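Here is the structure we will look at, set down as C-alpha cells.
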Amino acid sequence: MILVRGSGGGTDLTGTVFERGEKPPVYKGAPDEDAAYVWVCDAFYEVESGGSALTVNGEEIRVAFEEPMPRGFDTKSAALDAAEEHVRTQFARIGVDPDEVEVEATKAEPV
C-alpha cells in the first residue's frame, strides 16, 4: 500500500494506492480486481448546511462526502499521478489553491 497525503489550508486528506497482490476495499463500481494498482480516496465538496465541519485556513466550513470512487491503473506512475491530481482537486473544491497543497506518497508499513 502506498499512502498519498495532501496537506493544505490547515487540513489533510489521505488516500491509498493498493498494489498488485493487495486486496483493495470493494465498492460499487470498483475497477476490475485484476488492475495492477487501485487508487481509493474520498471525494468531498463544500455545502451551505449539513455535512461535516472542517477547519480550512482557520475558518470552519461544511463539507459533504461522495462515495469513494476506486480507479484501476496498469502502472504505479499512472496511479500516483492520478492520486496527486485527485488530492489537489479535492482541496480546490473547498477553496484551497491546489498549487499550495503539499502532496507526499509513502509506502505503508505492513501490519
Side-chain angles (χ1 to χ4, degrees):
M1 265 189 300
I2 302 169
L3 301 178
V4 179
R5 179 180 178 149
S7 300
T11 193
D12 302 304
L13 171 65
T14 302
T16 305
V17 173
F18 292 89
E19 300 178 90
R20 186 180 303 280
E22 297 175 332
K23 278 294 233 188
V26 178
Y27 295 97
K28 179 180 178 185
D32 185 326
E33 62 186 43
D34 292 332
Y37 298 89
V38 177
W39 163 244
V40 179
C41 188
D42 287 332
F44 52 85
Y45 55 96
E46 188 171 359
V47 294
E48 299 255 341
S49 63
S52 301
L54 180 66
T55 302
V56 178
N57 292 322
E59 293 185 30
E60 184 177 283
I61 65 169
R62 309 295 298 180
V63 295
F65 289 87
E66 298 172 349
E67 184 173 324
M69 297 201 35
R71 296 175 51 201
F73 299 91
D74 292 330
T75 66
K76 183 177 183 177
S77 63
L80 291 174
D81 288 347
E84 181 173 346
E85 179 183 339
H86 175 90
V87 167
R88 290 186 187 282
T89 298
Q90 298 318 298
F91 278 94
R93 293 172 86 182
I94 58 170
V96 175
D97 182 346
D99 293 331
E100 299 294 318
V101 176
E102 292 181 31
V103 179
E104 67 177 350
T106 57
K107 183 84 170 159
E109 294 298 320
V111 178

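The structure displayed is predicted, hence computed values, not measured ones. Just the heavy atoms: all of them, side chains too, but no hydrogens, waters or symmetry mates, feed the values below.
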Below 3.5 Å, can you tabulate the donor-acceptor pairs from side chains in residues 83-93 to any protein atom, sequence neighbours excluded?
residue	atom	partner	partner atom	Å
E84	OE2	R88	NE	3.0
E84	OE2	R88	NH2	3.0
H86	NE2	D42	O	2.9
R88	NH1	P98	O	2.5
R88	NH1	V101	O	2.7
R88	NH2	V101	O	3.4
T89	OG1	E85	O	2.8
Q90	OE1	F44	N	2.9
Q90	OE1	R93	NH1	3.2
R93	NE	F44	O	3.4
R93	NH1	F44	O	3.4
R93	NH2	E66	OE2	2.9

F73 side chain reached by D81 side chain, heavy atoms, under 4.5 Å: no

What closest approach, in Å, do P70 and V38 show between heavy atoms, and which atom pair accounts for it? CB-CG1, 4.0 Å

Closest non-hydrogen atoms of E22 and V17, given as atom of the first, atom of the second and distance, are OE1-O, 4.2 Å

Positive for side-chain contact (heavy atoms from CB on, under 4.5 Å) with T106, one of L3, I2, T14: L3

For residues 46-61, please give each side-chain donor-acceptor pair under 3.5 Å, one per line with the distance, not counting sequence neighbours.
none

Is there a side chain to side chain contact (heavy atoms under 4.5 Å, CB included) between Y37 and R20 once you walk through the steps? CA-CA 6 Å; Y37 298 89; R20 186 180 303 280; 5.8 Å; no

